[in-house]
Amino acid sequence: MSLRVYNTMSGKKEEFQPLVPGKVGMYVCGVTVYDYCHIGHARANIVFDVIFRYLQFSGYETTYVRNYTDVDDKIINRANERGISSQELAEEFIKAFDEDMDSLGLVKPTHEPRATEYIQKIIEITQKLIDKGIAYEASGDVYYSVDKFPDYLKLSKRNMEDMLAGARVTPGEQKRDPMDFALWKAAKPGEPSWKSPWGEGRPGWHIECSAMSSSLLGDSFDIHGGGRDLIFPHHENEIAQSEGASGQTFVKYWLHNGFVNVNQEKMSKSLGNFFTIRDILKTYDAEVIRFFILSAHYRSPIDFSDQNLAEAQSGLKRFYEALEAAEIATDGTEKKVQRTDEGAKVEKKFREAMDDDFNTALAIAHLFDGVRTMNRLIATKKFKKKPELIAQVEDLHATILQLGEVIGLYRSQPTTWLEKVKLVGLAQLEITQGEIEELIKQRLQARKEKDFSRGDEIRNDLEAQGILLLDTREGTSWRLK
RNA sequence: GGCCCCGUCGCCAAGUGGUAAGGCAGAGGUCUGCAACACCUUUAUCAGCAGUUCGAAUCUGCUCGGGGCCUCCA
């Protein structure tokens with residue numbers, strides 16, 4: 001079975017066949033760097049991180065481009081408010097973005113271009129569009145004339161009459177048509193600007209992506225991604241610009257991720273229901289966020305809430321507990337892992353799920369099946385005396401780690417991860433680790449003396465405080481309720 | 001006003017024509033001094049109504065409910 005992807009352009013799942021066999025070019029719209037990233041940005045970037053990883057895992061030599069928009073109205077405004085240059089502001093938030101993506105465990109794209117590094121290319125494309133009669137200059141601005149591009153709105157599947165009927169489009173002063181959009185904006189005082197054939201100015205938003213993508217991937221490439229909200233106008237305009245200039249099909253497959261909602265509504269600053277990655281990371285482990293995001297299909301909306309994050313944490317904990325148990329049961333020593341039926345089965349199902357438009361939710365469900373099988377084997381009587389069972393557990397363990405890598409999960413040492421989550425949770429309780437350990441000692445003493453009621457009392461008290469005790473042959477450990 | 005999406009077990013969530021994955025929570029059991037952990041078993045006919053079909057959660061129509069885009073937005 002081969003990879004199938006949902007293409008926004010056709011509205012269907014299509015068989016994935018790159019323009020050049022074995023190679024993939026992928027461009028994803030990055031962020032405008034004027035503020036900290038929120039959980040919605042985290043989703044978009046994690047989704048395409050996983051797509052990138054899976055393409056490579058599937059054997060495609062993939063060039064992944066994700067840009068920084070470092071010149072824009074919002075950057076200029078914010079910089080003015082703070083009395084710094086827009087360059088300084090952009091630098092600051094590029095750094096913050098990199099830190100956030102790093103802590104979320106994203107791999108680096110092949111290229112991370114900045115819009116300001118491609119001004120020449122932007123001017124070049126703009127000039128070409130003017131030469132072709134598709135764009136026009138007006139007092140230092142340059143606009144794209146949408147009625148010169150018959151395919152306009154083919155991605156968002158709207159029509160011009162309906163758009164105009166919306167009556168919320170206000171004609172720009174220099175525009176010939178209210179639907180036209182700016183390729184180049186004449187400089188205003190105090191704004192960053194570059195020299196151009198039309199005077200000092202700066203690029204419009206949409207043209208940046210056309211310039212960066214064609215520079216790094218060519219006039220025609222395989223995958224273009226971004227959030228749903230970019231379909232119109234951003235991606236529509238990119239198509240108009242790139243295809244208008246090159247005369248070639250810009251992109252073969254358009255992929256768009258769904259939103260992160262809060263209380264069933266889109267997250268937005270005006271509603272105040274806004275969570276930055278940094279804030280969330282204070283309470284939740286980065287991998288929990290990734291797990292939460294990947295437990296739904298990338299095109300569906302997901303609802304961000306404490307309950308959902310807590311559930312994601314429970315789910316991920318199940319993996320780490322099983323991985324830890326497997327390491328203990330097999331002594332965790334490094335050995336050549338034999339492929340067994342169990343491991344092969346999990347891998348096959350995982351691939352099938354991912355091949356079906358990157359169905360990470362289903363893929364994770366198959367990994368859960370692997371966990372259950374592993375736990376069951378370990379719980380078998382006389383497990384340690386059955387080499388064939390040990391081999392299966394070792395293989396499942398290795399398989400889960402290997403496939404986990406593909407979606408960026410289970411990258412930590414189980415013991416370390418479990419300990420970390422435990423301590424973060426403990427910090428929210430009234431009791432300290434030392435106190436717990438002291439009580440465990442007292443209970444052990446009581447149990448030695450067969451004073452079970454005292455022992456139970458301690459255990460019940462701890463449970464009331466949110467601490468569960470686990471008795472094993474090796475001794476008593478504790479975990480959070 | 002135009003375009004579009006969604007409504008699956010208490011909660012989260014796969015499944016787009018062949019008879020409902022998985023996780024969390026719950027119940028019963030095995031294990032245990034008693035528990036916990038782990039394991040085993042167990043819990044839905046898919047918002048409603050009407051159609052198409054041998055057969056529908058999956059297709060069509062209508063109704064109800066929720067959301068998105070049409071302006072910057074992941």
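Residue numbering restarts at 1 for every chain, and letters A, B, ... go by the order of the sequence lines. Values below: all heavy atoms of this structure, side chains included; hydrogens, waters and symmetry mates excluded.
Between B/A74, B/C11, B/G22, one nucleotide has an atom nearer to the side chain of A/A365 than all others, and that is B/G22. Counting only heavy atoms from C-beta on, A/H41 has its side chain closest to B/A74 among B/G67, B/A14, B/A74. The side chain of A/T32 lies closest to B/A74, out of B/G68, B/G33, B/A74. Here the side chain of A/A44 is nearest to one of B/C37, B/G33, B/A74, namely B/A74. Ranking B/G22, B/C69, B/C34 by closeness to the A/F368 side chain, first place goes to B/G22. Proximity note for A/R479 (side chain, C-beta onward) versus B/G23, B/A14, B/C37: the nearest is B/C37. When each of B/C37, B/A74, B/A14 is scored by its nearest atom to the side-chain atoms of A/V260, the top-ranked nucleotide is B/A74. For A/N308, whose side chain is taken as the heavy atoms from C-beta onward, the closest listed nucleotide among B/C12, B/C34, B/A74 is B/C12. When the nucleotides B/A36, B/A74, B/G33 are ranked by their closest atom to the side chain of A/L468, B/A36 comes out on top. Residue A/S314 places its side chain closer to B/C24 than to any other of B/A36, B/C24, B/C39.
Looking at heavy-atom distances under 4.0 Å, A/L230 makes contact with sugar-phosphate atoms alone, never a base. Residue contacts for A/F292: at a heavy-atom cut-off of 4.0 Å it reaches no nucleic acid atom on any strand shown. Counting non-hydrogen atoms under 4.0 angstrom, A/G455 reaches nothing in the nucleic acid. Within 4.0 Å (heavy atoms only), A/E463 reaches no atom of the nucleic acid at all. Using a 4.0 Å heavy-atom cutoff across all strands shown, A/K157 reaches sugar-phosphate atoms only and no base atom. The residue A/R228 sits apart from the nucleic acid: no heavy atom pair falls under 4.0 Å. As judged by a 4.0 angstrom heavy-atom cut-off over every strand, A/G226 is placed among residues touching the sugar-phosphate backbone only. Residue contacts shown for A/S477 are absent, as no nucleic acid heavy atom lies under 4.0 Å away. In this structure, A/R66 reaches neither bases nor backbone, as no heavy-atom distance under 4.0 Å exists between it and the strands shown. Residue A/N159 is classed as having no contact, given no heavy-atom separation below 4.0 Å to the nucleic acid.
Ionic pairing of A/R202 and A/D73 is present here: one or more N-O contacts between side-chain nitrogen and carboxylate oxygen are shorter than 4.0 angstrom. By the 4.0 Å N-to-carboxylate-O rule, A/R479 lies close enough to A/E321 to be salt-bridged with it. Salt-bridge check for A/R351 with A/E347: passed, with a basic side-chain N closer than 4.0 Å to an acidic carboxylate O. A salt bridge does not link A/K345 to A/D369: none of the charged side-chain nitrogens sits closer than 4.0 Å to a carboxylate oxygen. Salt bridge status for A/K74 with A/D35: absent, with no side-chain N to carboxylate O gap under 4.0 Å.
Ring geometry, A/F250 versus A/F221: the interplanar angle exceeds 60°, so the pair is classed perpendicular (tilted spans 30 to 60°).
Remark: P of B/G68 and CE of A/M267 are 13 Å apart, rounded to the nearest angstrom. Protein atom CG of A/N460 is 12 Å distant from nucleotide atom P of B/A35, rounded to whole Å. Taking atom CG of A/N261 as the reference point, atom P of B/C6 lies 14 Å away to the nearest angstrom. For the pair A/D72 CG and B/A74 P, the computed distance is 10 Å after rounding to whole Å. The CG-P distance, from A/D369 to B/G23, rounds to 7 Å in whole Å.
Of the side-chain N and O atoms in A/T360, none sit less than 4.0 angstrom from OP1 or OP2 of B/A14. For the OP1/OP2 pair of B/C69 and a distance below 4.0 Å, the side-chain nitrogens and oxygens of A/K266 include at least one atom meeting the criterion.
Ring-centre distance between A/H224 and A/Y27: below the 6.0 Å cut-off.
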N/O to N/O distances under 3.5 Å, protein versus nucleotides 40-45 of chain B:
none

Sort me out a list of protein N/O and nucleotides 15-18 of chain B N/O pairs below 3.5 Å, or just none if empty.
residue : atom : partner : partner atom : Å
B/G15   : OP1  : A/N359  : ND2          : 2.9

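A donor and an acceptor atom sit less than 3.5 Å apart, one in the side chain of A/D456 and one in the base of B/G33. The base of B/G23 lies close enough to the side chain of A/E311 for a donor and an acceptor atom to sit less than 3.5 Å apart.
For the residue pair A/T330 and A/E394, no side-chain donor N or O sits within less than 3.5 Å of a side-chain acceptor on the partner. A/Y152 and A/D147 share no donor-acceptor pair across their side chains, judged by distance under 3.5 Å alone. For the residue pair A/T373 / A/N375, no side-chain donor-acceptor distance below 3.5 Å is found, with atom types taken as modelled.
With rounding to the nearest 0.5 Å, the separation of CZ in A/F48 from CG in A/L106 is 12.5 Å.
Comparing A/R459 and A/S295 along RNA chain B, the residue whose closest nucleotide (by nearest heavy atom) sits nearer the 5' end is A/S295.
Within a 6.0 Å sphere centred on NZ of A/K95, other residues, nucleotides and ligands contribute 12 heavy atoms or fewer.
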